[in-house]
Structure formats: structure tokens, C-alpha cells
Amino acid sequence: MRIKAQVAMVMHLDKCIGCHTCSVTCKTTWTNRPGTEYMWFNNVETRPGIGYPKRWEDTKRYKGGWVLENGKLKLRAGGPITKLANIFYNPNMAELEDFYEPWSYDYDNLIHSPKRENLPVARPFSQITGKYIDKPEWGSNWDDDLAGGSENVKRDPNVEKLQEHIKTEYEKTFMMYLPRICEHCLNPSCVASCPTGALYKRDEDGIVLVDHDACRGWRFCQNGCPYHKVYYNWNTHKAEKCNFCYPRTEAGLPTICSETCVGRIRYIGVVLYDADKVKAAASVEDPKELYKAQLACFLDPFDPEVQDQAREAGITDPWIEAAKESPIYKLAIKWKIALPLHPEYRTLPMVWYVPPLSPIMNHITNEDELKTDGYIPAVDQMRIPMEYLASILAADDVKVIRKVLLKLTAMRVFMRGKTVGGIDEFRQSELLKEAETTPEEVVEMARLLGVAKYKERYVIPTGRREMDDDLFYQQGACSIEDLAPKEGMNPRYGMMKVRENL
Amino acid sequence: MVDIFLWVVFPYICLTIMIFGLLYRFAFRQLTWAAPSTNFFEKKWLKIGSPLFHYGIIFAFFGHVMGILIPWEFYQTLGISDHMYHFGAIYGGGLAGLMVVCGLVILLIRKMIIDPVRIKATFADYFSVLAVLFVAATGTYMTIIYNLTVVAYEYRATIGPWFRSLFIFQPRFDLMTDIPYIFKIHVITAFALFASIPFTRLVHIFSFPIRYPARPPQQYRSRSGYRRQKV
């Protein structure tokens, strides 16, 4: 057993209102420099839709993630030899047009325009070439809220797979939001795709990072990631990606996307897993078994033997305590209502999603007269086809999705019953049996999903710093050590100089 | 005097600039050390130009190893006649040279006509493309046209021994005085090109990830200087 700790996230899609606050705060924190304008470490997609970059789930085109070939796990885009042969030209890489050409507006014109008959306008211009773009035609969330309707919905790779026709008429259609960040996978294919070894998974918290000193810009990580969450900075020619706001999580704070989430959909916590099981879990024959195999990698933080082994592996008591309190452990492992995004990519992703429920419940018109078991067919006929959710969250295994939705429905019915009556009927109901849950569990779930406060949603132990070099110097420095004043230099002198220049 | 400068002083200066420049950039400017690909902006031209150029130049590199680094005597002991050698060198080397030149011309045109690629190209980018193009063009001209029309020049008797003598610090500059002018130009510009490497995009030559196939696919790292310790 090789125990490692992983900082992970769960997003409760029912609560996502698609406001893009997470994207914007992430953008202003991390990717507002030249070369990064087109990057969104966090983006929110409307589903069904094309996504960002366009059709990122089209594995035939971008060849991201892993495949099983004769029982052996291989990168879909080819192993090291294929990669070295393709190093001068990467045929699978997404181009700028697959993302979008980033633009800003010529605000200067508003202020400095000479006096004339018509109002001055701020024309959009490309942040790549600087030329005016008179008609921007695509952006990272251009198909927001089903904009482009029937045209764009059809191009969703998950929709293409579905047998039944997806209705795009306004009154019959469905819609959900899917906020996406780097998955910080247990078996990251970007790391395996990097020829230089510049990408790595951090030992102490599992965050996948790029070593910019080592990165040589061979750009296989960009399409090696099936979620397309590694970006190529055309200015520095290095890879950049979501870093799980490690300067914040090391200080025990949630990532900026979670901190600013308006719907409070995000949960962050620690899980313990056995790194020795990862490869076998990713190599399971049937893609539908990957979810279960990944669950089997996680360890029970309440098991004294696991705790002993974790301490042996250098995981400190605060981290073990955090693993016990972890909302991720509860949502993903204990209650099994959170599911991994596209487990069939075999990367064992670590940002999980609680599937959305609300559209089905809106479908029920006569809820007052409805018997508890009447909810079961409602789940089966929900407005978001279960096949569609299964295509995103369960490698097409509808059974997994159905179970989660039944559990969430049971929770909803029980909590409703507490107010309007009917709890006794609920205790005897088929719904409770089919959802394989108990009233006690349902109450706990409702608390975490509905009313949990900051400290319950984000259980993040601080990073260990006691073994860092030169702590005395670092105590006055920020997490980005290079920005700290040099040792022995008076920082005030520098500041005064700036003032003089002004 | 001129010969000493051209065939002793100049090569050593160029190699010194290259070595120390590379060391400096590696040690202090590693953030700028990358293969500055524009694959992200444009694919169609790159698909033809880049592999053509790169495979051509790798091929040409091994051709130079065969012609310059491996002594003439080696071929004689193997029983490879001069005719056989030159036949291979002219057609093999010529093909490599043509690949390099064609690839570079495609890349240069691409650099000039594709908007984002042109706008992001720096002086150093154009310099290295043009410099490599010049060196490759003289080399290709020598290999194909000069060798076929004038004489199959036996550089294994002059340039080869001189080049190897540089590395034992006993440069035999006398060998280089009477070589054809076109060969002189090729050698001098090539050394100038070597000196420019640390200051241009060409540094990526030295980071070809040769260890990748032998490396475990997943990489774990700890925080700086962070060693696992028992609590």
C-alpha cells in the first residue's frame, strides 16, 4: 500500500446558476497576461452544447486520454516513440480557432475620439494580431444558455451518441450547466504525455502542476488531456493549467472559483488513496467498471490501519483529520452521489459532479396528490435524458445515474415530507429501497448539500512548510517566492522608488 | 594570418560563445528556453514544412558525422570505395539538403504570410531561419551542383581532419587554405550560426527529449527540498 493524499472537488450541478463568476475570478487571478487571453482554467459550459474548446469530448479528433490495447494502458495519441516522431508537428493539437480568437475593445477611442457627428464606439480587436475584428464569431461560452440552439446542440459529441432525437423546441428542451476545471487526475494523461517530464503530480496533495523552467513547449499535454485543460501560452511557449490555486489551498483557503461561487455548488476536501491500485483501476476492461474501480482506490480515513499507514507515509494528523471531515469523502465515496466526469478516459479524474435533478421535478405537475413511489417513473422520464447524463458522468452506464438520481429524489421527498407530511409513507416506500438509502443518511445529505457553511464545504488542511528551506526568510514572503524582495534588501526602498517615478 | 583567424581563432570564439551562452541561458534564463512552436496558430503549412525541414536536418546531421567526424581510413578498412562513398553522399546528402531548403522556404513563407505567426515572429526568429537557410543552401549547392559539375571534392582529406583537430586543440589550419571557396563560406557561416544558437530559438536543439521513452509515465514531485519524513 502506497498511501497518498489528494485534494479534490465536488460540484453540485443542481445549484449551478451558470453565472460564470468562477470563470471570471479565475481569469482575473491567473490568466490575464499576454499569451493567456484565450485560456480559461475554469469555464462554465451549457449542456447540451459544443463546449470549450469546440467539441473537446471528440476523442477521435484530439486523441486525449488513455485507451486499453490488448489489456495494456496506452495514451490514445500514441506512446513515447509515436510522440517523438510527431514532435515537429502535432496533428491532434487544438488550434486557436478551436478555442476562439480572444478580443478586447478599443476603449481608448471612447475617450480620445475627436468631436464628430456620431458617437464614438469601442471596436473589438484581436488580442493576438491587434487587428480589428468587426464581428467576433465564437467565444468560450458563445453557446451559453443554448444560444445557437438546434445548430449547436447537434454538434455536442454526447448528443451525437444518443439514439433518441434530442428535442430543441423551446418548450421541450433541457439545459444544464457544467463548470469545468482541471481534474487533477489520479492517472493524468497530460503528465504521461509530457516528453520533458515538466508536468508532475504533487506528492503531498495530488495537484497537477507544470514546471515552467523545465517545460520546453513540446505541446503534447494540450491534446493529451482529454478534458482539454492544459493550454499553450503562445507568448512564453510554455504549458499552463489550473493549479488548484495552490497558494490558497496551502494556506487552508478554497480555490478562487470555489470562494466566489455564487450558488455555493463547490466542495473541497482531502481523500486518501492507494497509489499502487491506480494503474490496475485505470486498466479495467469494461469502461463501465472504471467508476467502481476508482472508488476502490480510495481508503477509509476512519480505519485505524489506514491511519497508521498514512502516518508511515508522511501524512500528518491534521491531514488525516481533514480526510475524516472531508465533504468529498461523504459525497463521492460514502453516499456515492457524486460522479467523475467522463470516467471512460481512464484518467481517474478528481473533480466530481452531483448530477442535476431540478428539471425532472419541474416536470411533475400534481405533486400534492403524488404517492411517494410515483417519483420513480418521474426519474425515469426526466427531462434531461438519463442517457445524456450517463454519457457525461458514467461512461454510458444509466444504472449508475439512475441510482444517484433516485437517492437525490428520495432526499427531496423526505425533506418535503418533513414539512408537508408523508414521512411514514416514505419510510415504507419502494423509493427508499430502490435508492438504497436511509432517512438518517438523507438528512445528512440534505444538510451538506443544502445548508452547509463555509467550514463544512471547504475542509482544507494547510500545506506543510516546516521542512522548507530557510523558513526565517520565507515568513515575510508570499507564496510566489520569486516575487519576494531579495534577502537583505529593504523593500521600502523599492516602493519609494516607484513613488518617485510617479 | 587570415587563415589562422578563420580556421583557428574564429571557430574557437564561436564555439566558446555557444557553450558559455548555452550554459548561461540554461542556468539563468531557463524560462525562455523552449521550442517556440506556432502549431497553435497554423497547421496546414506547418504540416509540410516543419517535418520536411526537421527530418532533413537530422538526416543532414548524420551525413556530416559520416563525412567529417568519421575518418577516411575507417571507410578504407571497411572496403567502401571513394566512388561508392560519394555516390551515397551526393544523393543521400543532396536529398537531405533539398528537404532542409524546401522545408525552410515553406516555413519562411508561412512566417511572412500567416498573420499571427508573422506578428509574433521576432528578429531572432527571422535571423535563425535565414541563417540556417543560407548555410543549408550552400551545403546543398556543394553537395549536388558543385560535386556533380566541378569535381566530387574530397573533404575527407581536408575539412574532416581539420574539424577533428579542433577538438584535440591542435588545429591544422594549413589543411583549409586551399579548399574551394564555396566550402569555406559554408564552414564559416556554419560556425557563425553555432555562435548565434544561445540567443535564438535554436536552443531547442539541445532539449530533444531523448529520455522520454525510458521514463515512467507518471511523475510525482514534492515541494522544493521536501523530503518524506516520518512524523
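Any value given below was found using the heavy atoms of this structure, including those in side chains, with hydrogens, waters and symmetry copies removed. Convention: sequence-line order gives letters A, B, ...; per-chain numbering from 1.
- In this structure, chain B has a heavy atom under 4.5 Å from the backbone of A:Leu186, while its side chain stays farther away.
- Only the side chain of A:Leu75 comes within contact range of chain B, judged by heavy atoms closer than 4.5 Å.
- Within the 4.5 angstrom heavy-atom criterion, no atom of B:Leu52 approaches chain A.
- Aromatic ring centroids of B:Phe40 and A:Tyr38 lie under 6.0 Å apart.
- Contact of B:Arg211 with chain A is not made at all, since no heavy-atom distance falls under 4.5 Å.
- The list of side-chain hydrogen bond (donor to acceptor under 3.5 Å, both in side chains) pairs with a residue in residues 187-201 of chain B, not counting sequence neighbours, reads B:Asp125-B:Arg201.
- Using a cut-off of 4.0 Å between Lys/Arg side-chain N and Asp/Glu carboxylate O, B:Asp115 and A:Lys131 are scored as salt-bridged.
- Stacking of B:Lys47 on the aromatic ring of A:Phe88 is not recorded, the 6.0 Å distance cut-off and the 45° axial limit not both being met.
- Heavy atoms closer than 4.5 Å to chain A are found in the side chain of B:Phe26, but not in its backbone.
- At distances below 3.5 Å, at least one donor-acceptor pair connects side-chain atoms of B:Lys43 with backbone N or O atoms of A:Pro91.
- At a heavy-atom separation below 4.5 angstrom, chain A is approached by B:Gln30, B:Leu31, B:Trp33, B:Ala34, B:Ala35, B:Pro36, B:Ser37, B:Asn39 within residues 30-39 of chain B.
- Every ring pair (Phe, Tyr, Trp, His ring centres under 6.0 Å) that A:His184 has, sequence neighbours left out, goes to A:Phe244.
- The 12-atom threshold is not exceeded at CZ of B:Phe127, counting heavy atoms of other residues, nucleotides or ligands nearer than 6.0 Å.
- A 6.0 Å sphere centred on NZ of A:Lys74 holds no more than 12 heavy atoms belonging to other residues, nucleotides or ligands.
- Between the side chain of B:Ser207 and the backbone N or O of A:Arg216, no donor-acceptor pair lies under 3.5 Å.
- Of the two parts of A:Ala85, the backbone and the side chain both hold a non-hydrogen atom closer than 4.5 Å to a non-hydrogen atom of chain B.
- Of all residues spanning residues 131-145 of chain B, none has a heavy atom less than 4.5 Å away from chain A's heavy atoms.
- Between A:Trp66 and B:Pro217, the shortest heavy-atom distance links the atoms CH2-CB, 4.5 Å.
- Between the side chain of A:Tyr200 and the backbone N or O of B:Gln218, no donor-acceptor pair lies under 3.5 Å.
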